[in-house]
A.B. asks: 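Let me give you the structure first, and then I'll get to my questions.
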Amino acid sequence: MEKSCSLLVHFDKGTPALANEIKEALEGNDDNAKIDAMKKAVMLLLNGETLPQLFITIVRYVLPSEDHTVQKLLLHYLEIIDKTDSRGKVLPEMILICQNLRNNLQHPNEYIRGVTLRFLCRINEAEIIEPLIPSILANLEHRHPFVRRNAVLAVMTIYKLPQGEHLLVDAPEMIEKVLSTEADQSAKRNAFLMLFTCAQDHAVNYLLTHVDKVSEWGELLQMVVLDLIRKVCRAKRGEKGKYIKIIISLLNVPSAAVIFECAGTLVSLSSAPTAIRAAANTYCQLLLTQSDNNVKLIVLDRLDELKSSHREIMVEMIMDVLRALSSPNLDIRRKTLDIVLDLITPRNINEVVLTLKKEVVKTQSGELEKDGEYRQMLIQAIHSCAVKFPEVAGTVVHMLMDFLGDSNVASAMDVVVFVREIIETNPKLRVSIVTRLLDTFYQIRSARVCSCALWIISEYCLSLSEVESGITTIKQCLGNLPFYLASEEGDANDSSKRSPQVNSITVSSKRPAILADGTYATQSAASETAFSPPTVVQGTLASGNLRSLLLTGDFFLGAVVACTLTKLVLRLTEVQTSKPEVHRVSTQVLLIIVSMLQLGQSSYLPHPIDNDSYDRIVLCLRLLCNPDAEIRKIWLQSCRESFVQMLVEKQLQETEEIKAKAQVSHAQPDDLIDFYHLKSRKGMSQLELEDEVQDDLKRATGEFIKEGAAANKLNRILQLTGFSDPVYAEAYVTVHHYDIVLDVTVINRTKETLQNLCLELATMGDLKLVERPQNYTLAPESSKQIKANIKVSSTETGVIFGNIVYETSNVLERNVVVLNDIHIDIMDYISPAVCSDAAFRSMWAEFEWENKVAVNTIIQDEKEFLDHIIKSTNMKCLTPPSALEGYCGFLAANLYAKSVFGEDALVNLSVEKQADGKLSGYIRIRSKTQGIALSLGDKITLKQKGAA
């Protein structure tokens, strides 16, 4: 769009109107025809037409019209036509317009006066405005508030013009007088805004004079007051105490928008505990009273920011924040739980866990469709609480075990992982957990949950009664042997159309699966069947859940059952004194294992047993037949020791992350320190004293100092032209989420004045220029700062290219200097993030875009290469350090990052050391969108050599 216009009128470009048609319509007496003709004229002007022949017609036939719509369109027309000639002088015919505008400003109808005053806010020519000033000032005292509020805006705009202070000498005093007598809230707001913008001292005096009445002012005026306070306090930090009192008085007004702004202003201006507490209380109040989910999410973001800078105050608010769980929106609940989990202390842990338990019970009603997902979030939260404070585990673990048979597999899986960790970390709860697990084992429906529960039974059934109960429970859940009859196998062979007894989503048990380290392995159908309720073939869930799962072809679970029974028999030999009893149980277990092998090799099921499961089951058989002391030690002790080691490493990693997050600021030894106790306290309120103390503390600990900002800025400066070019240009690129700001410095290296100099930019990729380039005149050897704003919509690599065009006085044609390309780096958009192994594997399987980059590097150490890739890609390594220790000539690791647009970036690095010492392998990148996969691949290809 070439011309500026305050209103866009819909225009059908397919049928452009002719100037003659418009002229005829304007000369007629039909107001509707005039309205259509004026709309067409405005649109033609906006599309680059000049239409000089229409001006006199409009003066003769449109100016006298009494129709309000015609008059409004006339003002739009006057706004966009050229009012000056090529030398910048006002055209003589504009005198006709001035007379009409004066008449409008004295019109008996207040609407005509109001829209004309608003139109004058968009006029920059002093010659047109000067004769109208008496009429504008007269409208400040008009009886109608619509006219008065627009008159104030017109005065403000005129006063801001280059010659404004000469046109309206005493405007601030006049507006201050209006402000003191004005009753209309909108007009008062405009008057105060004028003082705030043009005469800040007058606005401050008015505010401090009427400080007791601020809370009674209208919402619009209060918002401008907050803007003024922010501006004044940034300039004069010493005076902020008296303004903070005004903000706190505004926290009790009924307007939600005002109290939200008040809270934000308090946090930005003060670190005093009283002020922060008031702001946090306000946010919690808004969280409960506002029904809009977007507002709640914004408020939760603010609370999250407060948590990181003022944790001790936020800890007091934890129960108020938890009340946000009453919202049915999952995003709000997730964000609430994230905030609360960081605020847990020994003092509030019991209250928090009690609230979370109540929420878990509520999810059993099944009223909401996403209850299962919410329950999973709550279980993870309780798990986190119990790990930090083991003493609360006893109050929740038994209740959560009721959900082991949950139809939501992810939720049940979280419960069983929680139980596995608690039973190890809380030895006092071991007996009660084992007893409860054996009682509820028959309810478990998922193969993955069964596998984990069986491992718990095998490791933590220690006494004779527990071991016997464990074996009995597993036997009951397997049902009677054999798993099928010979006649049924014959029927299966004969019948070609036997009804399928395998779940529809179960696929071949030989399907390759992705392991936690990103490599492929053959996996049983366990994980395939886990996401739907299993088909019950014989018996019911009450008597044979293991049997049902085995008869779906799940031999991975069969191998787990065999290992569990083997461990229990090995433990029985230690706790049972009667050898005949041990032999009897051992024989029964052998029969079960042989029956599973027989089932796997029969034609009763559509898929035979896979090799991995077969080998594992046969190993159990051999061990039971030939027990060995060394192997017994491995089975009964080493497994538990590995698990304990895993928990210790996990805790250590979490501790290190917390330490890394803690920011330590330091002040320079020669910095000035104000001694608080030596200061004068006369006339200072408690809040002002607190604020002074906090400021002194910040100054002493270096929190006010932003180190390295200048050095970072130098690193981001890009040279756009050569040193020998007549125009030298360089750009400082600032990337902030969805916005890129190019701060371009242009220097005229010649001895001539450069006219109509224009920085022309174009973009490639998901980048969009926000504004049109402007023309500048550059004196010899002078410089100019030009800002260009660009919007970003995805992480796809973007390129900004362009040139500088200018004219000189002695050359007619335009000169062009081509600029270097600016490549927007993907690293500005992605940041390291953490996700669970299960979530990583789920996303890896789901995401369809993969970019495979072959390893090509001069680095010869696998670990060093991994560190180099992590540093180059700004990603987080999810593979624990213990898994990367040692040297075996092979390394596989998972990396994860999240973009500011919410996109996930997954990377799997697999490298192997060749005989010649070089590394080979692949780096695979997966994402939901093509842009991030390609951009990250390009970045890795560029950086992986490792020479720099």
Side-chain angles (χ1 to χ4, degrees), residues 207 211 214-215 217 219 221-234 236-290 292 294-324 327 332 335-336 338-345 348 663 684-699 701 703-704:
L207 174 62
V211 70
V214 174
S215 56
W217 290 351
E219 177 184 345
L221 185 51
Q222 287 170 344
M223 297 291 266
V224 183
V225 165
L226 289 171
D227 284 340
L228 174 70
I229 289 172
R230 277 196 290 266
K231 191 174 178 182
V232 171
C233 290
R234 285 195 190 104
K236 302 175 184 174
R237 296 193 73 86
E239 294 183 12
K240 64 182 178 181
K242 54 189 173 187
Y243 293 109
I244 289 174
K245 286 185 203 166
I246 299 172
I247 299 170
I248 288 185
S249 73
L250 285 174
L251 284 174
N252 300 316
V253 299
S255 166
V258 172
I259 62 173
F260 176 79
E261 283 297 321
C262 281
T265 307
L266 266 182
V267 173
S268 66
L269 295 182
S270 174
S271 302
T274 309
I276 300 300
R277 200 171 282 113
N281 270 323
T282 303
Y283 285 139
C284 290
Q285 180 189 334
L286 287 169
L287 205 54
L288 295 175
T289 56
Q290 295 302 304
D292 190 319
N294 292 319
V295 172
K296 289 189 176 189
L297 286 168
I298 292 167
V299 170
L300 284 168
D301 281 336
R302 296 288 182 278
L303 286 169
D304 197 27
E305 288 167 14
L306 275 184
K307 178 198 74 183
S308 55
S309 52
H310 303 280
R311 185 177 184 275
E312 64 288 346
I313 291 168
M314 283 299 298
V315 165
E316 301 167 20
M317 305 285 166
I318 190 166
M319 297 312 293
D320 293 322
V321 177
L322 262 178
R323 288 161 75 185
S327 166
I332 291 170
K335 201 172 278 257
T336 303
D338 288 343
I339 293 170
V340 165
L341 289 177
D342 285 341
L343 298 174
I344 293 171
T345 61
N348 60 31
Q663 296 174 345
M684 290 178 79
S685 67
Q686 179 62 30
L687 181 62
E688 288 174 90
L689 285 172
E690 279 184 29
D691 197 54
E692 289 283 345
V693 175
Q694 290 297 325
D695 277 0
D696 288 347
L697 279 171
K698 280 188 172 184
R699 206 171 282 114
T701 55
E703 207 169 316
F704 282 151

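Excluded from the calculations below are hydrogen atoms, water molecules and symmetry mates; all remaining heavy atoms, backbone and side chain alike, are included. The structure presented is a predicted model; accordingly, all values stated were derived computationally and were not measured.
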A.B. asks: What's the separation between atom OG1 in Thr265 and atom CG in Asp227, rounded to the nearest 0.5 Å?
C.D. replies: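 Here the interatomic distance stands at 8.0 Å.
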A.B. asks: Measure the shortest side-chain to side-chain distance between Met314 and Val321 over non-hydrogen atoms and say whether it is less than 4.5 angstrom.
C.D. replies: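 Yes, side chains in contact.
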A.B. asks: Can you tell me how far apart CD1 (Ile229) and SG (Cys262) are? Round to the nearest 0.5 Å.
C.D. replies: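 Rounded to the nearest 0.5 Å, the CD1-SG separation comes to 7.5 Å.
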A.B. asks: So, for Gln222 and Ser215, which heavy atoms are closest and what is the spacing to 0.1 Å?
C.D. replies: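 The pair with the smallest heavy-atom distance is NE2-O, 3.3 Å.
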A.B. asks: Starting at OH of Tyr283, measure out to CD1 of Ile298 and round the result to the nearest 0.5 Å.
C.D. replies: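 That separation rounds to 11.0 Å.
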A.B. asks: Can you see which heavy atom on Leu207 is nearest to which on Leu228, and at what distance?
C.D. replies: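 That would be CD2-CD2, 3.9 Å.
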A.B. asks: State, yes or no, whether a side-chain contact exists between Ile259 and Val253 at a heavy-atom distance under 4.5 Å.
C.D. replies: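 Yes, their side chains come closer than 4.5 Å.
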A.B. asks: The criterion is side-chain contact (heavy atoms from CB on, under 4.5 Å); which residues satisfy it with Asp292, sequence neighbours excluded?
C.D. replies: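 Listed in chain order: Asn294, Val295.
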A.B. asks: With rounding to the nearest 0.5 Å, note down the distance linking SG in Cys284 to CE in Met319.
C.D. replies: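 Rounded to the nearest 0.5 Å, the SG-CE separation comes to 11.5 Å.
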A.B. asks: What closest approach, in Å, do Lys296 and Ser327 show between heavy atoms, and which atom pair accounts for it?
C.D. replies: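 Taking every non-hydrogen atom into account, NZ-CB, 4.0 Å.
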A.B. asks: With side chains defined as the heavy atoms from C-beta onward, is the minimum distance between Lys335 and Leu297 less than 4.5 Å?
C.D. replies: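 Yes, side chains in contact.
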A.B. asks: Answer whether the closest heavy-atom distance between the side chains of Leu266 and Thr282 falls below 4.5 Å.
C.D. replies: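 Side-chain contact under 4.5 Å: no.
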A.B. asks: Does the side chain of Ile247 come within less than 4.5 Å of Leu269's, by heavy atoms?
C.D. replies: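 Side-chain contact under 4.5 Å: yes.
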A.B. asks: Identify the heavy atoms of Thr336 and Ile332 that sit nearest to each other, and give their distance.
C.D. replies: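 Closest heavy-atom pair between Thr336 and Ile332: OG1-O, 2.7 Å.
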A.B. asks: Sort and list the pairs that fulfil salt bridge (Lys or Arg N to Asp or Glu O under 4.0 Å) and have at least one residue in residues 259-285, not counting sequence neighbours.
C.D. replies: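 Listed by first then second residue: Arg230-Glu261, Arg277-Glu316.
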A.B. asks: I need the Lys307 NZ to Ile313 CD1 distance, nearest 0.5 Å.
C.D. replies: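 Output value for this atom pair is 15.0 Å.
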A.B. asks: Find out whether Leu287 and Leu303 are in side-chain contact, i.e. whether some heavy atom of one side chain is under 4.5 Å from a heavy atom of the other.
C.D. replies: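 Leu287 reaches Leu303 side chain to side chain.
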A.B. asks: If you measure from CG on Leu288 to CG on Asp320, what distance do you get to the nearest 0.5 Å?
C.D. replies: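 It is 7.0 Å, given to the nearest 0.5 Å.
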A.B. asks: Does a side-chain heavy-atom distance below 4.5 Å link Val299 with Phe260?
C.D. replies: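 Counting from C-beta outward, Val299 and Phe260 do come under 4.5 Å.
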A.B. asks: Which heavy atom of Ala263 sits nearest to which heavy atom of Ala279, and what is that distance?
C.D. replies: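 Closest approach of Ala263 to Ala279, heavy atoms only: O-CB, 3.8 Å.
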A.B. asks: Applying side-chain contact (heavy atoms from CB on, under 4.5 Å), can you list everything that pairs with Glu305, at least two apart in sequence or on another chain?
C.D. replies: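 For Glu305 the side-chain contact (heavy atoms from CB on, under 4.5 Å) partners, ignoring immediate neighbours, are Arg302.
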A.B. asks: Between the main-chain N or O of Val258 and the side-chain N or O of Glu219, is there a donor-acceptor pair closer than 3.5 Å?
C.D. replies: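 No: the side chain of Glu219 does not pair with the backbone of Val258.
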A.B. asks: Please examine the side chains of Val232 and Tyr243, heavy atoms only from C-beta on, and report whether any two atoms are closer than 4.5 Å.
C.D. replies: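 Sidechains of Val232 and Tyr243: in contact.
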